There are 2 protein chains.
Amino acid sequence: MARRNEHTKGELKALALDAVLVIAERDGPQVVSARKVAQEIGYAPGMLYHLFENIDDLILQANTRTVSALTDDLVRATKRQSADKAVLTMALRYLQLAQKNGRRWQLLFEHTMRNGVAVPSWYQAQTAKLFGLVEQQLVRMCPQKKSVEIQLAARAVWSAVHGVCLLSVTGKLNVGGAVKEARLVESLVQNYLHGWKSID
Amino acid sequence: MARRNEHTKGELKALALDAVLVIAERDGPQVVSARKVAQEIGYAPGMLYHLFENIDDLILQANTRTVSALTDDLVRATKRQSADKAVLTMALRYLQLAQKNGRRWQLLFEHTMRNGVAVPSWYQAQTAKLFGLVEQQLVRMCPQKKSVEIQLAARAVWSAVHGVCLLSVTGKLNVGGAVKEARLVESLVQNYLHGWKSID
DNA sequence: ACCTGAACACCGTTCAAGT
DNA sequence: ACCTGAACACCGTTCAAGT
């Protein structure tokens, strides 16, 4: 068997990553597995282990696409906005994208490393970019604040928004009719920033 | 074979739930499985399906213990505190417990329903109690606010704190040295409430 | 009635062996 | 060099059959 050489290594990687997202969106994130991905692209399961370290690596690389698309979207959406408006826009768009492409974000939110291995640094770096976007706006908003305070506030506000998005997408936020997720995000961002700006 | 009758159904359930938490803490949350739990208590795997609907039911019931212990702790810890103080105390103790019993909370945070089934309502009710505790304090703090606003603020502040706890326990919050999780929680609660109280 | 253990349909991962 | 497919060690879940 073998020696098909229909695709380069890079093409195969791209095919596999596409397949991960297709399966997640079509059949649900729980269905994504090495065997299913291999089947989807018409290869043997073992082949994937020449391209990826393991199933976590494969899923993490697929999730990077999702985060990367979010980052690009946020940058585009906040062009020429005031700092205050930009932070709110980012938060709301995060929620919007998460709710719209629910299953793709479920794959991201619900994924956990097997054996409790730590998330690799290249992945952390990707998510750190998101913090960076928020920090940029907070600096514009309060140039006098110390760098440590900017970092803290960016992480606080983003963790908060992340909390709402995660609970929303994974269906754990028992919002009873009247309470809409978007209103939670608005309330969080606006009240937090209002309080934050008013101290020293 | 069978007919051991060493334990009542209730005792067996308790043994199984203990085993879930023991395995999670001793070997890591990823190691918890129906087969491992059965082995831990010296029974055949199939037996568990006479006590629990499926593996999700088993883990969810074990996680209920964790949430329940949290709820009790929060009630105790906030006796005779002012409303402002109480909300902060609850948030910080949530973080504290989550960080202290890391693996037990990982089991809670990292668990997702197989096949994407919805979380059962009895479990939602348990977590709703937590919102309730926050709501109680917010009512004390601002008796003039409408019930909808209380509910919204309670969910906002708790989702935010949850976001920090989750990112902390699952190791996804890349806090670079200077930024401590407790400071994030403090900043979130205090600034949010400060802003929230100042509107209408 | 209570529990077993074998069976079924899945996993992730490895690796000798084919082309 | 590239890829296979069988194998290994796991899963969750079911259910006829033993006591």
Side-chain angles (χ1 to χ4, degrees), chain A residues 1-17 19-20 23-24 26-63 107 110-117 119-120, chain B residues 1-17 19-20 23-24 26-63 107 110-117 119-120:
Chain A
M1 357 60 241
R3 183 156 204 109
R4 314 194 337 190
N5 251 23
E6 292 167 5
H7 304 284
T8 68
K9 208 162 174 175
E11 283 170 344
L12 273 173
K13 262 188 141 173
L15 278 173
L17 294 177
V20 168
I23 294 168
R26 190 188 56 208
D27 309 322
Q30 333 274 346
V31 178
V32 174
S33 69
R35 293 176 118 104
K36 274 273 161 50
V37 170
Q39 187 195 333
E40 183 79 19
I41 62 177
Y43 278 82
M47 187 273 293
L48 290 173
Y49 292 81
H50 297 302
L51 306 176
F52 303 93
E53 262 190 43
N54 49 41
I55 186 69
D56 283 329
D57 185 29
L58 172 57
I59 292 177
L60 242 35
Q61 289 201 36
N63 282 342
L107 187 71
E110 296 183 356
H111 175 260
T112 53
M113 304 293 275
R114 330 251 151 170
N115 308 324
V117 183
V119 174
Chain B
M1 341 83 222
R3 185 159 203 105
R4 312 195 336 192
N5 251 21
E6 294 167 4
H7 305 282
T8 68
K9 209 161 173 174
E11 284 170 343
L12 273 172
K13 262 188 141 173
L15 278 173
L17 294 177
V20 169
I23 295 168
R26 189 187 56 207
D27 308 322
Q30 333 274 347
V31 177
V32 175
S33 70
R35 294 176 119 103
K36 274 274 160 51
V37 169
Q39 188 194 332
E40 182 80 18
I41 62 177
Y43 278 82
M47 187 273 293
L48 291 173
Y49 291 82
H50 297 301
L51 306 175
F52 303 93
E53 263 190 43
N54 50 41
I55 186 70
D56 283 330
D57 186 28
L58 173 56
I59 292 178
L60 242 34
Q61 290 201 35
N63 282 342
L107 186 72
E110 296 184 355
H111 175 259
T112 52
M113 304 294 274
R114 329 251 151 172
N115 307 324
V117 182
V119 174

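A note on names: the letters A, B, ... follow the listed sequences, proteins ahead of strands, and every chain is numbered from 1. These numbers come from a predicted model, not from an experiment.
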What distance separates B:E53 CD from B:H50 NE2, expressed to the nearest 0.5 Å? 14.5 Å

How close or far is atom P of D:dG12 from atom CG of B:L48, stated in whole angstroms? 10 Å

Is the distance from OP1 or OP2 of C:dC10 to the nearest side-chain N or O of A:K36 less than 4.0 Å? no

How long is the line joining CG of B:L15 and C1' of C:dC3, in whole Å? 15 Å

Just the dot-bracket of DNA chain C, please: which string comes out with Watson-Crick or G-U pairs under 3.5 Å, [ ] for crossing, | for another strand? ||.|||||...|||||.||

Under 3.5 Å, is there a donor-acceptor pair between the side chain of B:N54 and the main chain of B:D56? yes

Do A:Q30 and A:E110 make a side-chain contact, defined as non-hydrogen atoms from C-beta onward lying under 4.5 Å apart? yes

Looking at A:L107 and A:A24, what are the two nearest heavy atoms and their distance? CD2-CB, 4.2 Å

Minimum heavy-atom distance between B:P120 and B:L60, given as atom pair plus value: CD-CD2, 3.4 Å

Value in whole Å for how far the P atom of C:dG5 lies from CD of B:Q39: 14 Å

Distance check: side-chain N/O of A:S33 vs OP1/OP2 of C:dC10, anything under 4.0 Å? no

Could you give the distance from CG (A:L51) to CG (A:L58), rounded to the nearest 0.5 Å? 9.0 Å

Of the candidates C:dT4, C:dC11, C:dC2, the side chain of B:R4 sits closest to C:dT4

Sort me out a list of protein N/O and nucleotides 13-15 of chain C N/O pairs below 3.5 Å, or just none if empty.
from: C:dT13; atom 1: OP2; to: A:Y49; atom 2: OH; distance (Å): 2.7
from: C:dT13; atom 1: OP2; to: A:I55; atom 2: N; distance (Å): 2.8
from: C:dT13; atom 1: O5'; to: A:Y49; atom 2: OH; distance (Å): 3.4

B:E40 side, atom CD; B:I23 side, atom CD1 - distance, nearest 0.5 Å: 4.5 Å

What does B:L12 touch in the nucleic acid at a heavy-atom separation under 4.0 angstrom: a base, only the sugar-phosphate, or nothing? sugar-phosphate

Nearest 0.5 Å please: distance from the CZ atom of A:F52 over to the CG atom of A:L17. 4.0 Å

